[in-house]
Every structure is written in structure tokens, then in C-alpha cells.
Amino acid sequence: MVLTDLVHGGDEKDETPNGVRRRAVLALGAVVLAGAGASGCGLLDHEPAEPPPPDPLQPLADDAVRLAGLHRAAASDFPERAAVLTPIAEAHDAHAKELARVMATAAPSPAASASASAAAGSVEDAVEALRVAEKAAYESAVQACLKAPNHRAALVGSIAAARATHLEALK
Amino acid sequence: MTGELPAALEAEYAAIFAYGPIGVKLTGGEQTAARAAEAAHRTLRDALVVALQGTGLPPARAAYALPEPIVDRASALRVAIVVEEKAAAVWRAALPATVDTQRRQALDALTGCAVRATRWRRYAKVDPITVAFPGKAPA
């Protein structure tokens, strides 16, 4: 449209009210383009890029990594309970991996949680500490499931339910 | 809210049906657990009947197919595990079709089924007693 006007708009026509309006439109377009160019440069050259907001599932993934480490440490300290604790640690690993997949972030390595320590004297104290951690993580997962968009509800719901079964398994 | 809740209702009818013969073959604490499980499924069924009122909800059938005949304690425990796993699956499938209060109900139902399945696996000495993603079909 603008190009057509430039090509076909002769001198005679430019003296008409329509011609004046065309020139005004062209001038306005130039100002808008200049403004857009300037603000684009400003974004690129002077302002740091805004980091994307964290995914609402990130705290759930962080919990999973932390809990995996706690269970692995307890299984190492109390081998007699490893038959229950190791599958729970592996479930948390699987949760962390699946959450990373749906958030499209890098999957955490199991080693990331290796430094966790149960630091509890008796097996009863260690299991009780795990129960407290699982209960808090279950409640976080329930809230996350209630807020989750439909396409994430089943995954987050399964994770909440799994954490509840860990509480049962730790009885 | 399309076919997910009627499917959950079907699974609840089937669970209530199965727990009758299951309870007969169990004793002591296991029988108490079976009765409590049956009561929990009746509560879930009743809530679904209310939620589906006026939608032409499926009526309960006279009998439901069991995954295997219940002839002794071991088969009763195996069927109880399967019943809870199947119910967990339909409740998990209902989650994406729900919001707010109904999602909370579906999540609590999924969680209850998953916890009971864990309890039955412990009684049956199935190892491990937990699964990573309750209600999700194994990959």
C-alpha cells in the first residue's frame, strides 16, 4: 500500500487532500519504524535479558532430588532397610527425571544429591526424619497438582500419591 | 468431565464387588483392612453417584469379572492389589478432566488407592511395595 502510493502518487495528486494524508501516513510510518528500531536496539544493547520465570514444577523437582539423596543415605546407613528405601530413592529419581522432561530442563544427575546425609543415630530416628520430609513433600505436591494445568495434572498427581505411599512404606 | 468419571464409577463398583470375596478369605488385621478398603470404595462410589446425578450414570452390574478366582489368602491379596491398581488408574485419568474440588477428590481417591495397594503388597510380601508412578500403566 505504501509502496503503491510512493510509485503512483504523482505531484499533482499530492496537492489534493488525499495526497496530503498519504504523506502524513508515510511520515508517521517512518516515525513508528524509527521508534521500533531504537527500542529494539535498546533491548539488545543496554538492558540485560530478563531470565524466564522459574517453572512452577521446579520446587517439586528440587524436592525429588533432595528426597532421593536422603533415602539413599539412609539405605547406606541402615542396610537392613535398603529393600524399602532404595526403591523409594529410585522413585524420586524417576520423578525428578520426568519433571525435568516436562519442564524441558536438564535432568539432574543422581550424584547431585549424593552429599545428603541422614545424620540420625538410630534407624527409628532416620525413618522418622524421612517420614517428616515425605509428608512435607506430599503436601507440596498436592498443592502443585491442584494448580497444575490439565496436561500436567496426572503426572503431578501420581507424584503426590507416590509420596503418600512412601509414608505408608516407612511405617 | 466426559468419560472419566463414569469410568471411575465402574471401577468403584468393581472394587466393592471384589472386596466381598476378598474379605472372606482373610483373617485378623488383613480382614479388617479389607473391610476398611471396601468402606472407602463405597464412599468414593457415593460421591461419584452424587457428582454424576442426572447424567445417565451407569448402574451397578450384578457381577464383575475378577482378575483371577479368589480361592485362598494368597489369591485374595493378589486380587486386592489389582483392584486398587485399576482404581488408581481411572482416578489418575480423571485428574486432567477436573478442576478445583473435583480434582482434589480425584487426587485423594488416587492417593487412597495407591496407599491401599502398597499395604496389600506388604501383606502379600511383594517386593518392592511401592511403584514410582501410581495409576500409570508400566512403560
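Sequence lines set the chain letters: A, B, ... in the order given, protein chains first and strands last, and positions in each chain run from 1.
Linking ILVMFWY residues whenever their side-chain heavy atoms come closer than 4.5 Å, directly or via other members, leaves B:Val90 and B:Val115 in distinct clusters. Note: the hydrophobic cluster containing B:Trp91 does not contain A:Leu155 (ILVMFWY, side chain heavy atoms under 4.5 Å, direct or indirect links). Two different hydrophobic clusters hold B:Val82 and B:Leu66 under the rule that ILVMFWY side chains link at heavy-atom gaps under 4.5 Å. B:Phe133 and A:Leu60 end up in the same hydrophobic cluster when Ile, Leu, Val, Met, Phe, Trp and Tyr side chains are linked at under 4.5 Å. Residue B:Val126 is grouped with residue B:Tyr123 when hydrophobic side chains (ILVMFWY) are merged at heavy-atom distances under 4.5 angstrom, including chains of intermediate members.
With a 4.5 angstrom heavy-atom cutoff, A:Val142 touches chain B via backbone and side-chain atoms both. Neither the backbone nor the side chain of A:Glu90 has a heavy atom closer than 4.5 Å to any heavy atom of chain B. Only the side chain of B:Arg122 comes within less than 4.5 Å of a heavy atom in chain A; its backbone stays farther off.
At least one side-chain heavy atom of B:Leu95 sits less than 4.5 Å from a side-chain heavy atom of A:Cys145.
Annotation: residues 158-171 of chain A contacts chain B through A:Ser158, A:Ile159, A:Ala160, A:Ala161, A:Ala162, A:Ala164, A:Thr165, A:His166, A:Glu168, A:Ala169, A:Lys171 [non-hydrogen atoms, separation under 4.5 Å].
Listed by chain and residue number, A:Glu139 satisfy the salt bridge (Lys or Arg N to Asp or Glu O under 4.0 Å) test with A:Lys135 (two or more places apart in sequence, or in another chain).
Comparing B:Arg121, B:Arg119, B:Lys136, B:Arg116 by heavy-atom pairs within less than 4.5 Å of chain A, the highest count is held by B:Arg119.
Annotation: A:Glu50, atom CD; neighbour count of heavy atoms from other residues, nucleotides and ligands within 6.0 Å does not exceed 12.
Of all the heavy atoms in A:Leu146 and B:Asp100, the pair that sits closest is CD2-O, 4.3 Å.
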